[in-house]
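Working notes, structure below.
Chain letters run A, B, ... following the sequence lines, proteins first and then strands; every chain starts at 1. These numbers come from the heavy atoms of this one structure, side chains and all, not from hydrogens, waters or symmetry mates.
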Amino acid sequence: MAKSAPPPGTSDIFPEEIASWYCLEDAARKIFPLYGFGELRTPVFEYTEVFQRGLGDDTEVVQKEMYTFEDRGGRSLTLRPEGTAGVMRAMAGTDVMNGNERRVYYVGPMFRGERPAAGRKRQFHQIGVENVGRVAPELDAECIAMLMHYLEEIGITGTRLLINTRGALSDRKPAEDALREYFSAGIDSMCDDCKTRFDKNIWRILDCKAPECQELIEKAPDVVSFFSEESQEYFRKVCAVLDSLNINYEIEPRLVRGLDYYVHTVFELTHPGLGAQNAIAGGGRYEVFLPDSKKPVIGVGYAVGMERLLMAREALGVAASEDNTPVFYLAGLGEKAIEFNMPLAGKLRAAGLKVVAEVENKSMKAQMRAANRIGATAAVICGDNELENNIVIVKDMEKGEQQEVSPETLADYLKSQYCS
RNA sequence: GUGGUUGUAGCUCAGUUGGUUAGAGCGCCUGGUUGUGGCCCAGGAGGUCGGGGGUUCGAGUCCCCUCAUCCACCCCA
């Protein structure tokens with residue numbers, strides 16, 4: 001088993017389980033274009049600085065979760081731990097920097113060197129969307145609406161939408177000062193993580209879950225009250241638009257999120273069927289700084305975790321869509337028949353039929369067993385007798401009935417019988 | 001990175017206080033029909049008991065290390 005196991009935190013997706021992945025991807029390709037979004041494909045790795053500057057040097061992800069390596073040209077590269085920074089790197093070369101808008105989505109693997117657990121892998125997959133270049137509360141709300149629309153399409157219900165504002169970058173200082181003043185009194189009684197957060201990123205104290213910290217956190221000052229009137233109004237407007245779209249949400253003042261690029265709206269979508277890692281999607285408005293650039297790329301977006309969507313669907317008992325197209329098994333009795341079957345299979349496939357042809361001269365019994373095992377709709381049997389008479393026998397696997405058919409009309413016969 | 005859990009056949013798992021050639025069910029292969037599947041019956045193939053070291057006359061079983069798994073913390077999707 002170890003010999004066939006992939007590296008820790010990764011997994012193989014076999015043909016038997018691919019259908020539900022297609023379902024998630026097909027739904028994205030169906031829903032997102034309705035909102036004007038098109039797919040963008042960026043590299044799986046970027047210059048390391050793209051993430052260091054983009055996500056923030058002090059974030060957990062950058063500090064200890066990135067797969068960073070040097071390539072043969074001595075460049076420091078990093079496997080993308082999330083999608084936004086790379087997308088912004090690509091967007092920076094377009095007219096979004098002049099206030100024009102672009103709407104893109106992406107699908108693909110992300111990489112983080114964490115200890116695997118339920119709903120957490122080292123290579124995991126996200127579907128993300130980014131509305132880049134403009135600032136408007138309506139866009140934030142529409143982004144969330146599109147997320148809910150997508151979840152509805154793939155049958156996920158029972159989610160909780162948590163939303164909060166982080167204010168503008170210029171709002172941070174006064175709020176941070178207030179937090180620091182408040183927590184400095186009680187920091188000694190808080191958990192070790194919070195002690196380092198106090199210096200590194202005081203905001204993150206707010207969503208600490210350690211019991212010994214809860215009492216202090218609950219009485220902490222309302223940071224939003226330190227934000228500018230414009231920022232507060234922006235958030236009120238986002239909520240108002242969500243209301244007008246009949247989207248249910250809960251304002252969670254302690255929702256901070258771990259990536260430094262967020263400003264104004266942040267949100268998270270959780271599902272009860274998942275275990276400790278219960279967020280299936282998260283996002284918000286951001287200002288992403290790229291290397292050698294003083295001006296950030298701005299936008300709003302989110303990412304959904306595909307593995308977690310799959311877990312949620314399983315918890316909800318949403319049936320994985322299965323492929324019901326008929327499969328035909330070509331049984332060949334004798335070397336001649338097997339030779340005859342290869343081009344015959346080609347003709348059937350050219351006509352759009354799914355065909356598996358046996359290539360070994362096995363017993364009839366073994367070949368019928370094989371036909372049964374692959375779930376063949378019908379077996380096409382060919383042997384010396386049939387070759388002599390220029391016919392093949394089509395055996396309906398469900399009814400058990402057999403029919404002689406000419407090889408020339410076989411494709412048409414199978415289509416008319418089994419493909420409605 | 002910290003803690004705990006588990007690791008025996010392709011899969012799900014038994015394996016008694018350490019005792020000869022390690023088992024079951026499912027799956028797979030062959031046969032029971034000169035060329036006919038599913039059900040049934042009979043045979044068969046398949047395992048360095050995750051790996052390494054140690055204790056012992058003897059280790060799947062006990063001890064240490066290591067690798068991997070799953071889960072929780074941290075953090076995130």
What distance, rounded to whole Å, do you find between the two C1' atoms, one in B:rC29 and one in B:rA9?
15 Å
Measuring to OP1 and OP2 of B:rU30, would you say a side-chain N or O of A:R369 lies under 4.0 angstrom away?
yes
Per A:R115 side chain, nearest of listed nucleotides B:rU30, B:rG3, B:rC71
B:rG3
May I ask you to say what A:Q277 touches in the nucleic acid, namely base, sugar-phosphate or nothing, with a heavy-atom cut-off under 4.0 Å?
base
Pick the nucleotide of RNA chain B nearest each of A:K209 and A:G305; which residue has the one closer to the 5' end?
A:K209
Answer with base, sugar-phosphate or nothing: what part of the nucleic acid does A:E386 contact at a heavy-atom distance below 4.0 Å?
base
Rounded distance in Å between the C1' positions of B:rU55 and B:rG44:
40 Å
With side chain to side chain contact (heavy atoms under 4.5 Å, CB included) as the test, would you mind laying out the steps for A:V224 and A:Q232 before giving the verdict?
CA-CA 7 Å; A:V224 177; A:Q232 296 190 40; 4.1 Å; yes
Mate of B:rG58 where both pairing distances stay under 3.5 Å, Watson-Crick or G-U
none
Please give, in whole Å, the distance from B:rG37 P to A:M364 CE?
9 Å
Of the candidates B:rC73, B:rG35, B:rG37, the side chain of A:M397 sits closest to B:rG37
Give one of base, sugar-phosphate or nothing for A:G400, where a contact means two heavy atoms less than 4.0 Å apart.
base
Rounded C1' spacing from B:rC39 to B:rG32 in Å:
14 Å
Integer angstrom distance from the P of B:rG60 to that of B:rU21:
10 Å
B:rA22 and B:rA45, which share atom name P, separated by this distance in whole Å
14 Å
Side-chain N or O of A:R373 less than 4.0 angstrom from OP1 or OP2 on B:rC28?
yes
Please give, in whole Å, the distance from B:rG10 P to A:F14 CZ?
14 Å
Should A:K195 and A:D192 count as an ion pair when the cut-off is N to O under 4.0 Å?
yes
Can you tell me, in whole Å, how much space there is between the C1' of B:rC13 and that of B:rG53?
29 Å
Between B:rU34 and B:rC40, how many Å separate the two P atoms, rounded to a whole number?
23 Å
Measure distances between side-chain N and O atoms of A:N372 and base N and O atoms of B:rG38, and say whether any donor-acceptor pair falls under 3.5 Å.
no
Take the protein atom NZ of A:K64 and the nucleotide atom P of B:rG1, then report the distance between them rounded to whole Å.
10 Å
Can you identify which nucleotide, out of B:rG37, B:rA72, B:rC70, has its nearest atom closest to the A:K365 side chain?
B:rG37
Base, sugar-phosphate, or nothing for A:E268, non-hydrogen atoms under 4.0 angstrom?
nothing
Which whole number of Å gives the distance between the P atom of B:rG51 and that of B:rG7?
13 Å
By the definition side-chain hydrogen bond (donor to acceptor under 3.5 Å, both in side chains), identify the one residue from A:Y286, A:Y105, A:Y302 that meets it with A:E130.
A:Y286
Between A:N131 and A:Y35, a side-chain donor and acceptor under 3.5 Å
no
Taking a pair to mean Watson-Crick or G-U wobble geometry with both distances below 3.5 Å, B:rC26 pairs with B:rG10
Is any side-chain N or O of A:Q402 under 3.5 Å from a base N or O of B:rU36, one able to act as donor and the other as acceptor?
yes
Mind checking the CZ-SG spacing from A:R204 to A:C194? Nearest 0.5 Å is all I need.
10.0 Å
